[in-house]
Amino acid sequence: MSENKILPAVSVFLGKGYSHFIDGAYLPGASGQTIDVINPDNGATLATVQEASAAEITQAVASARRAFKGTWAAVSPAQRALLINRFADLIETHGEELAQLESLCSGKSIQLERMLEIGFSATSLRHYAGSATRLNGETITPSFPSMMGEQYTAFTRREPVGVVAGIVPWNFAIMIGLWKIGAALATGCTIVLKPSPFTPLSLLRVAELAIEAGIPAGVVNVLNGGGQLGQTLINDPDIAKVSFTGSVPTGIEVGKAAMAANLTRVSLELGGKNAAALLADVDIDAAVGGIIQTSYVHQGQVCAAPERLYVHRSIVEPFTRKLAAALQQLKIGSPLDETAQFGPLSNAAHLDKVMGYFKHAAEHNTVICGGKRIERPGYYVEPTVVLANGAQDPLLREEIFGPILTVVPFDTDDELVTCMNDTPYGLTASVWTNDLSRALRLIPQIEAGTVYLNMHTFLDPAVPFGGVKASGIGREFGSAFIDDYTELKSVIVRY
Ligand code: NAD
C-alpha cells in the first residue's frame with residue numbers, strides 16, 4: 001500500500017477548530033452550535049466547526065457588500081485577472097495540503113483530489129482570469145427616426161450583479177466552490193460561500209489563500225451551516241444572485257426562496273439520472289473501461305455520472321459479464337492510498353440512502369454484482385450492477401448518487417431515445433458507437449444539457465455545463481457564466 005502521510009500543515013489546520021471567514025479573518029460564531037466533521041474512511045471525528053447564526057450572515061453579507069462597492073470596485077479588470085492568476089498559483093502551491101484535507105472529509109481518492117479539485121480548479125480559475133478583461137457590451141445604432149434633426153446612439157455595459165451567495169454540495173467542495181469564486185471574481189462580484197456541513201473545512205483554507213493572493217478582505221467569505229443557514233442567506237436583502245449546486249428537491253426550495261426574497265437571480269446546477277447508451281457495434285472492452293471510469297469514480301457521487309445504462313440486447317450478456325468481472329477486480333482502499341481505485345461513500349446519511357437502494361434491489365432486481373456493504377470501518381459499499389425491473393423501477397427513476405448502475409436492454413434506436421428521455425432529469429447523456437452518422441442523428445433527440453460521444457463526464461471551463469428539464473437553470477463555464485454574474489445595462493445617448 002502506498003498510503004500518503006498526512007502533511008503537518010493538514011494536522012495543524014485540523015487541530016485549530018473553526019468558525020467563519022468574514023472580511024478576511026475568522027470570526028467566532030454566536031450560535032453556540034457546532035458541526036462535527038467526520039472521516040468517512042473510519043467514522044472518526046476530524047474537526048469541529050462552529051455553525052453560523054443570523055448575526056454572522058449579516059456580517060458576511062455586509063462585508064461582501066462593502067468590498068463590492070469599495071476595495072474590489074477600485075480594482076481594474078487587468079488587476080483582477082492578475083489576482084485570480086496569483087490565486088490559482090497558490091491553490092496549486094498548497095495543492096497537496098488542500099487535496100489531503102478534502103480527501104479526509106469527503107472520502108474522495110487523493111488522486112482525484114489532485115487531478116480535479118486542485119488541477120482542474122486551477123485551470124478553471126485561469127480561464128476565468130482570461131475573461132476578466134473581456135466583459136464587453138456592444139454598440140447599437142437605434143432605428144427610431146429623428147424628429148427634429150437629433151441623433152441617437154446606444155451601447156450596453158456588462159455590470160457585476162453584486163454580492164453572490166454560493167451554495168455548495170459535499171461531492172466536490174473545492175472545485176465547485178472555486179468555479180463560483182472564479183466567476184464572481186472575474187466579473188467584479190463578491191461572494192459569500194456556504195459549503196455543505198459534511199465538507200466545511202477546505203473552502204475556509206481556500207478563503208485564507210485568497211487573502212494571501214492579494215484579493216481584498218470581504219471579497220470571499222465563507223459561512224458554515226446547513227439548509228437553514230442557506231435559506232437565511234438567500235433572504236438577505238443584499239444578496240443579488242444565488243448560485244446553487246445540489247439536489248433537485250433542495251434546488252426547488254432555493255429557487256422559491258430566491259424568488260420570494262427579492263426576485264433574486266438564481267442559477268441552479270442540480271442532480272441527474274444520466275443515461276449512457278451502448279450501441280451494438282461498440283468495442284465491449286473499451287466500453288467496460290469507460291463506464292467504470294465514469295459511473296464508479298468517487299463511488300458514483302458525481303452529478304454527471306451515468307446511473308442508467310441502455311445496452312443493445314445483442315451485447316448485454318458479454319458486456320455485463322465483463323463489467324462485473326472488472327468491478328470485482330477494483331482495489332478497494334482508503335482515500336489516501338494512491339493505489340486504491342474505489343473508496344468509501346462520503347457520509348453516514350448517504351450510506352443509509354444507498355443501503356436502502358441495495359435492499360430494494362435485493363428484493364426486486366437481478367443483482368449482477370455487488371449490492372452489499374463492505375465489512376470494514378467507514379462507509380464502504382460494493383460497486384454494483386443490477387438489471388432494471390421495468391420502466392417504473394425506482395433504480396431507474398431516482399437519483400441514487402452512488403455506485404449502482406442499472407442496466408436496460410434495448411432493440412431499436414426509437415425505443416432507445418424514448419427510454420433515455422423518460423426521466424424528469426436532463427443533465428448529461430452519452431452514446432457509445434463507431435457509427436458517427438447514427439450518433440449524430442441521435443444526439444439532437446436526447447434531452448440533456450451535455451451529450452458525450454464514446455465518453456462520459458468530462459468538464460472543461462470553455463464548454464458550457466448545466467442541465468435541462470429538472471436538472472437545473474443556467475450554465476457554468478463557456479461564456480454563459482458572464483450572463484449569469486452580470487447585468488446588461490443599456491445606455492442611450494441623444495446628440
Ligand atoms: P443538497 O441539495 O442536499 O445540498 C446542497 C447544498 O445546499 C448544501 O450546502 C446544503 O447544506 C444546502 N442546503 C440544503 N437545504 C437547503 C435549503 N433549504 N436552502 C438552501 N440551502 C440548502 O445536495 P448534496 O447532497 O450536498 O449534494 C448532492 C447533490 O448535488 C446531488 O443531487 C448531485 O447530483 C448534485 N450536484 C449537482 C452538480 C451539478 O453541477 N449539476 C454538481 C455536484 C452535485
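Whatever order the structure lists them in is the order used to number ligands and atoms, beginning at 1.
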query: Would a distance-only check, ignoring hydrogens and angles, find a side-chain to backbone donor-acceptor pair under 3.5 Å from Thr245 to Val168?
result: no
message: Is there a polar contact, in the sense of an N or O pair closer than 3.5 Å, between Asn171 and ligand 1?
response: no
message: Under a 3.5 Å cutoff, is there a donor and acceptor pairing between the side chains of Ser103 and Gln100?
response: no
message: Within the 4.0 Å heavy-atom shell around Gly271, which atoms of ligand 1 are there?
response: 32 (O), 34 (O)
message: Suppose we call two aromatic rings close when their centres sit under 6.0 Å apart. Are Phe342 and Tyr380 close by that rule?
response: no
query: To which of Gln231, Glu253, Lys273, Lys194 does the heavy atom nearest atom 11 (O) of ligand 1 belong?
result: Lys194
- line: Of Phe465, Trp170, Phe244, Phe172, the residue with the heavy atom nearest atom 7 (O) of ligand 1 is Phe244
Close-contact set for ligand 1 against Ile176 heavy atoms, below 4.0 Å: 42 (C), 43 (C)
task: State plainly whether the residues Glu398 and Lys353 are in salt-bridge range, i.e. N to O under 4.0 Å.
output: no
task: For atom 28 (C) of ligand 1, find the nearest protein heavy atom and state the residue, atom name and distance (0.1 Å precision).
output: Phe401 CE2, 3.5 Å
Positive for side-chain contact (heavy atoms from CB on, under 4.5 Å) with Val164, one of Thr190, Ile239, Thr187, Ile191: Ile191
field: Heavy-atom proximity to atom 30 (O) of ligand 1, best of Ser471, Gly467, Gly246
entry: Gly246
- request: Could you find the nearest protein heavy atom to atom 5 (C) of ligand 1 and give me its residue, atom name and distance?
  value: Thr245 O, 3.7 Å
- line: Here the side-chain hydrogen bond (donor to acceptor under 3.5 Å, both in side chains) pairs for residues 246-263, sequence neighbours left out, are Ser247-Thr250
statement: Ranking Gly166, Gly272, Gly230 by closest non-hydrogen atom to atom 21 (N) of ligand 1, top hit is Gly230
- request: Could you tell me whether Val302 approaches ligand 1 through its side chain, its backbone, both or neither, with non-hydrogen atoms closer than 4.0 Å?
  value: neither
query: Which residue supplies the protein heavy atom nearest to atom 27 (O) of ligand 1, what is that atom called, and how far is it?
result: Pro169 CB, 3.2 Å
- request: Output yes when a protein non-hydrogen atom is found under 4.0 Å of atom 19 (N) of ligand 1, and no otherwise.
  value: yes
message: Using ring centroids (six-membered ring only for Trp), state whether Phe172 and His298 fall under 6.0 Å.
response: yes
- line: Ranked by distance from atom 15 (N) of ligand 1, the top protein heavy atom is Thr250 CG2, 3.2 Å
statement: ligand 1 to Ser196, heavy atom cutoff 4.0 Å, flagged ligand atoms 9 (O)
field: Interfacing atoms of ligand 1 (cut-off 4.0 Å, heavy-atom, Val254)
entry: 19 (N), 20 (C)
message: Heavy atoms only: which of Ile167, Asn235, Leu270 lies closest to atom 6 (C) of ligand 1?
response: Ile167
query: Going by heavy atoms, is Pro195 under 4.0 Å from ligand 1?
result: yes
- prompt: Atom CG in Asn224, atom CD in Glu51: separation rounded to 0.5 Å?
  reply: 8.5 Å
message: When you compare the side chain of Ser131 with that of Phe481, does any pair of heavy atoms fall below 4.5 Å?
response: yes
query: Has ligand 1 got any nitrogen or oxygen that is less than 3.5 angstrom from a nitrogen or oxygen of Val168?
result: yes
task: Considering heavy atoms of the protein only, find what lies nearest to atom 39 (C) of ligand 1 and give residue, atom and distance to 0.1 Å.
output: Cys303 SG, 3.3 Å
query: Does the distance from a Lys or Arg side-chain N to an Asp or Glu carboxylate O, for Lys241 and Glu487, drop under 4.0 Å?
result: no
message: Please list the nearest protein heavy atom to atom 23 (O) of ligand 1 with its residue and the distance rounded to 0.1 Å.
response: Ser247 N, 3.5 Å
- prompt: Under 6.0 Å between ring centres, would you say that holds for Tyr128 and Trp179?
  reply: no
- prompt: Got a donor-acceptor contact below 3.5 angstrom from the Arg205 side chain to the Phe13 backbone?
  reply: no
field: Heavy atoms of other groups near Lys359 NZ, more than 12 under 6.0 Å
entry: no
- prompt: So is Glu399 polar-close to ligand 1, meaning N/O to N/O under 3.5 Å?
  reply: yes
task: With heavy atoms under 4.0 Å as the rule, classify the contact between Val248 and ligand 1 as side chain, backbone, both or neither.
output: neither
query: When you look for heavy atoms under 4.0 Å from ligand 1, do you find them on the side chain of His350, its backbone, both, or neither?
result: neither
Sub-4.0 Å atoms of ligand 1 with respect to non-hydrogen atoms of Pro197: 11 (O)
- request: Could you tell me how the ring of Trp170 sits relative to the ring of Phe198: parallel (under 30°), tilted (30 to 60°) or perpendicular (over 60°)?
  value: perpendicular
